[in-house]
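All values derive from a computational prediction rather than experimental measurement. Excluded from the calculations below are hydrogen atoms, water molecules and symmetry mates; all remaining heavy atoms, backbone and side chain alike, are included.
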Amino acid sequence: MNAATLPVIAGIDGSTTAMTAAYWAVQEAAGRDAPLRLVYVTKTTHSAAEYAEDVRKGHACLHEARTAIEAMGTPVTIETAVVDGPPAAALVDASSQAQMVCVGSVGIGRYARSILGSVAAELAEKAACPVAVIRPDSDAGTHHDSGWIIVADNEKPDNHAVVEQAMREATIRQAPVLLLGTDGRPESHAALEREIGDWKSRYPDVRVYPIANRAEVTHFLKKHHEHVLLAVIGSSEAGEVADIVGHGHALFPHSASSALVVRPRCA
């Protein structure tokens with residue numbers, strides 16, 4: 001199976017948070033002309049009866065999710081699978097044969113790390129493909145300027161792939177892009193404008209706006225209140241996902257955003 005035919009995976013567990021991520025994954029799969037694979041991962045159990053009940057629940061959750069997605073009318077091939085857990089390890093393993101894995105963020109706690117469920121946190125740091133961590137209040141599956149996509153233009157080795165993925169997401173979501181520059185010096189601003197010109201030539205339908213002196217995505221979210229749909233970051237920044245999805249909660253009274261961690265597969 002080549003990369004172009006690999007599925008987009010959505011983790012399903014019966015929760016509305018997971019379904020929000022699945023709706024996001026529908027648009028992702030349709031935009032890539034890829035199949036959508038809905039995956040339920042069994043929990044670690046201690047008896048055959050518990051395992052059988054969990055498998056039954058998994059099939060029921062997948063049926064419910066599939067029915068809801070088919071009702072959207074989006075032309076996408078849907079696959080379903082129940083796989084053995086634990087969930088984080090199973091999805092990390094599945095990521096080696098996926099274009100992207102989409103999961104929901106769960107729980108808002110006092111500390112940044114607890115904002116993410118353990119599955120989302122482990123996937124963000126260990127997956128072999130890009131990982132989308134979707135907030136439950138995201139406008140997943142919708143278009144029409146539902147928010148900004150933000151990405152930093154910096155000198156990190158994977159930055160070109162990161163910005164490229166942001167442009168692809170903007171195309172799929174029909175959303176504008178804020179490209180965060182490195183500093184406020186005139187020569188840096190001019191370089192950022194040239195960079196934007198290059199991206200616009202490749203993605204003429206995407207509206208791209210430069211923001212100088214805002215190199216870090218997390219820093220931008222702390223200081224601004226724009227409606228951000230998605231923050232696109234590199235794998236070296238995976239540890240910041242908790243902070244990104246946590247803003248917007250009372251303990252993090254700033255912009256909220258779903259997060260996409262870019263891996264080499266999307267280069």
Side-chain angles (χ1 to χ4, degrees), residues 6-26 28-29 34-69 78-109 111-138 140-141 233 235 238-246 258-263 265-266:
L6 293 175
V8 172
I9 291 176
I12 298 296
D13 61 8
S15 68
T16 56
T17 302
M19 277 306 304
T20 300
Y23 290 138
W24 179 281
V26 170
E28 200 68 49
L36 171 66
R37 179 172 296 165
L38 307 177
V39 176
Y40 180 94
V41 186
T42 61
K43 302 174 181 63
T44 303
T45 58
H46 301 286
S47 72
E50 289 175 330
Y51 176 76
E53 174 59 23
D54 198 15
V55 170
R56 184 205 63 77
K57 176 186 175 182
H59 285 296
C61 289
L62 291 171
H63 176 75
E64 182 178 359
R66 180 171 193 149
T67 299
I69 290 169
I78 304 173
E79 306 168 352
T80 62
V82 174
V83 301
D84 291 339
L91 289 175
V92 168
D93 183 63
S95 72
S96 65
Q97 293 296 314
Q99 292 195 44
M100 181 180 290
V101 178
C102 302
V103 293
S105 64
V106 295
I108 297 291
Y111 302 104
R113 182 72 178 187
S114 63
I115 292 165
L116 287 184
S118 59
V119 173
E122 189 165 343
L123 265 175
E125 296 181 359
K126 297 181 180 180
C129 71
V131 174
V133 180
I134 307 302
R135 285 180 56 94
D137 56 356
S138 170
I233 59 176
S235 57
E240 298 178 15
V241 170
D243 286 319
I244 290 170
V245 302
S258 297
L260 174 59
V261 181
V262 177
R263 302 287 178 183
R265 191 186 299 285
C266 62

**Report entry** Minimal non-hydrogen separation, G85 against A90, with atom names
**Finding:** CA-CB, 4.4 Å

Query - Shortest non-hydrogen contact between C129 and R263, atoms and distance - result: O-CG, 2.8 Å

Query raised in the report: Sub-3.5 Å donor-acceptor pair from the side chain of D54 to the main-chain atoms of T42, do we have one?
Result: no

Query raised in the report: If you measure from CE on M19 to CD1 on I12, what distance do you get to the nearest 0.5 Å?
Result: 5.5 Å

Report task. Using a cut-off of 6.0 Å, state whether more than 12 heavy atoms not belonging to E50 lie near its atom CD. Result -> yes

Query - H63 and R66, any side-chain heavy atoms less than 4.5 Å apart - result: no

Report task. Side-chain contact test, heavy atoms from C-beta onward, threshold under 4.5 Å: evaluate it for I134 versus V103 and give yes or no. Result -> no

Query - Closest approach of C61 to G14 (non-hydrogen atoms, all atoms of both residues) - result: SG-CA, 3.6 Å

Report task. Search all heavy atoms of A65 against all heavy atoms of L38 and return the closest pair with its distance. Result -> CB-CD1, 4.0 Å

Query raised in the report: How many angstroms lie between CG in L62 and CD1 in I78, if you round to the nearest 0.5 Å?
Result: 11.0 Å

Query raised in the report: Any donor-acceptor pair under 3.5 Å linking the side chain of S95 with the backbone of A128?
Result: yes

Requested in this report: Test side chain to side chain contact (heavy atoms under 4.5 Å, CB included) on V241 and I233 and set out the steps.
Outcome: CA-CA 9 Å; V241 170; I233 59 176; 4.0 Å; yes

Report task. Report the C-alpha separation of I244 and V133 in whole Å, then their side-chain angles, then the decisive distance to 0.1 Å, and conclude whether the side chain to side chain contact (heavy atoms under 4.5 Å, CB included) test is met. Result -> CA-CA 10 Å; I244 290 170; V133 180; over 6 Å; no

Query raised in the report: Which heavy atom of P87 sits nearest a heavy atom of V41, and at what distance?
Result: CA-CG1, 3.3 Å

Query raised in the report: Does any N or O in the side chain of E125 come within less than 3.5 Å of the main-chain N or O of A238, such that one atom is a donor and the other an acceptor?
Result: no

Report summary line: In this structure, NZ of K43 is separated from NZ of K57 (nearest 0.5 Å) by 4.0 Å

Requested in this report: Measure the spacing between SG of C102 and CG of L91 and express it to the nearest 0.5 Å.
Outcome: 11.0 Å

Report summary line: d(M100 CE, I9 CD1) to nearest 0.5 Å is 11.5 Å

**Report entry** Spatial distance of atom NZ (K126) from atom OG (S235) [nearest 0.5 Å]
**Finding:** 15.0 Å

Query raised in the report: For the residue pair A29 and P35, what are the closest heavy atoms and their distance?
Result: CB-O, 4.1 Å

